[in-house]
Protein chains: 2
Amino acid sequence: MRETKQKNLIMSIISNSYTHPTANEVYEECKKTIADISLGTVYRNLNLLACQGQIRRIKMPNNIDRFDRYSDHTHFICGICGKIFDVPGGYVKNIIDIDGHKVMDYELNFRGVCQNCLEKEGEI
Amino acid sequence: MRETKQKNLIMSIISNSYTHPTANEVYEECKKTIADISLGTVYRNLNLLACQGQIRRIKMPNNIDRFDRYSDHTHFICGICGKIFDVPGGYVKNIIDIDGHKVMDYELNFRGVCQNCLEKEGEI
DNA sequence: AATTTTAATAGTAACCATTACTGTTAAGAA
DNA sequence: TTCTTAACAGTAATGGTTACTATTAAAATT
């Protein structure tokens, strides 16, 4: 694998982001630095980095993937506004070996209604 | 909401399935009973049932959603062959209220290499 | 430093799971 | 039985993602 300025830029954008950006949002951010970067390049590198375990892919209900620094395993996704929040760990235990399968990672998504949407519901 | 033979059929297929079928697989199964059922009808009812919490939607790495009886929250997905396995519960604790958000459900996906792919790797 | 190799890129077209649309049908109420 | 309209079948459109191709530029070699 070759080191390119495009790959480094994409990696640094994800590393420094706390917003779980979509591929297109990463693309828009990239264009500020490399004006003619290709959307395909963004997708290819996001896939590559996710496959290598350097970043995390988060599957969203609307089928638009989001990406995240690798540190977070646990998220809360609001079913009303669709926003995604980081959640501190500690909810999962005993993850070594399940039914003979080798566990390398996990993704835990809580679903419900976020604080902001709860308050809005109260106003109705 | 009206009760229709299409909706009942789709619900019964999911209820009696242990294979986490895709929308298209549900469609193919439906056609054995209702030959001219529409793929759009399958999608509409799967979305409806998932939204009502009667069935569960599982987001897969390849962006093709799978559907499941509502009982299972926890799955293991193999990164090699892509197969999905049911996992008994007990891995998640303390799921009441997170940072002020109302938690109504959760999805826990373990990722790794399944037993079968582990054995194949050993053969190389 | 110049040359060579080829992985990665930019730009664009294609893919395909899913959704939207429209005229028709049938569930359930009147 | 008639009426209302939610749900349906069939089909077109959408859009996130992937595939393709000529070109560029890492980085190894000379």
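Proteins get letters first, then strands, A, B, ... in listed order; numbering begins at 1 in each. Nothing here was measured: the structure is a model prediction, and the numbers come from that model.
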Is any side-chain heavy atom of A/Tyr106 closer than 4.5 Å to a side-chain heavy atom of B/Arg111?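 No - every pair of side-chain heavy atoms lies 4.5 Å or more apart.
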Hey, does A/Thr74 have a side-chain heavy atom less than 4.5 Å from the side chain of A/Pro88?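 No; the side chains remain at least 4.5 Å from each other.
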Is the B/Phe67 to B/His20 ring centre distance short of 6.0 Å?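 Centroid distance B/Phe67-B/His20: not below 6.0 Å, so no.
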Are A/Phe110 and A/His75 an aromatic pair by the rule of ring centers under 6.0 Å?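 No, the ring centres sit 6.0 Å or more apart.
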Atom pair distance, as rounded to whole Å: [atom1] in [X] and [atom2] in [N]:
X	N	atom1	atom2	answer
A/Met1	C/dT6	CE	C1'	16 Å
A/Tyr43	C/dG11	OH	C1'	16 Å
A/Leu9	C/dA10	CG	P	11 Å
B/Phe67	C/dA17	CZ	P	13 Å
A/Asp65	C/dA17	CG	P	15 Å
B/Leu39	C/dC16	CG	P	15 Å
B/Lys5	C/dT25	NZ	P	13 Å
B/Ile58	C/dA17	CD1	C1'	17 Å

May I ask you to evaluate whether [X] reaches the phosphate of [N], defined as a side-chain N or O under 4.0 Å from OP1 or OP2?
X	N	value
A/Asn45	C/dT9	yes
A/Ser38	C/dT9	no
A/Asn63	C/dA17	no
A/Gln6	C/dA10	yes

Distance check, rounded to the nearest 0.5 Å: B/Thr33 atom OG1 versus B/Ile13 atom CD1?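 The CD1 atom of B/Ile13 is 6.0 Å from OG1 of B/Thr33, to the nearest 0.5 Å.
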Could you list where the contact with chain B starts and ends along DNA chain D, reading 5' to 3', using a 4.0 Å heavy-atom cut-off?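 So the contact region on DNA chain D extends D/dT4 to D/dT17.
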At under 4.0 Å between heavy atoms, what does A/Asn24 touch on the DNA or RNA strands: base, sugar-phosphate, or nothing?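 No contact.
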Measure from the side-chain N and O atoms of B/Ser15 to the backbone N and O of B/Met11, and report whether any donor-acceptor pair falls under 3.5 Å.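 Such a contact is found between B/Ser15 side chain and B/Met11 backbone.
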Donor-acceptor contact present, side-chain B/Lys31 to main-chain B/Ile37, <3.5 Å: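 Not at all, since once roles are kept as given, no pair shorter than 3.5 Å links the two residues.
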Both B/Glu3 and B/Ile64 contact DNA chain C. Which one's nearest nucleotide lies toward the 5' end?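 Residue closer to the 5' terminus by nearest nucleotide: B/Ile64.
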Both B/Arg2 and B/Thr41 contact DNA chain D. Which one's nearest nucleotide lies toward the 5' end?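 Between the two, 5'-proximity favours B/Arg2.
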Measuring from the side chain of A/Arg44 (C-beta onward, heavy atoms only), which nucleotide among C/dA8, C/dT9, C/dA17 has the closest atom?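 Given the options C/dA8, C/dT9, C/dA17, the side chain of A/Arg44 is closest to C/dT9.
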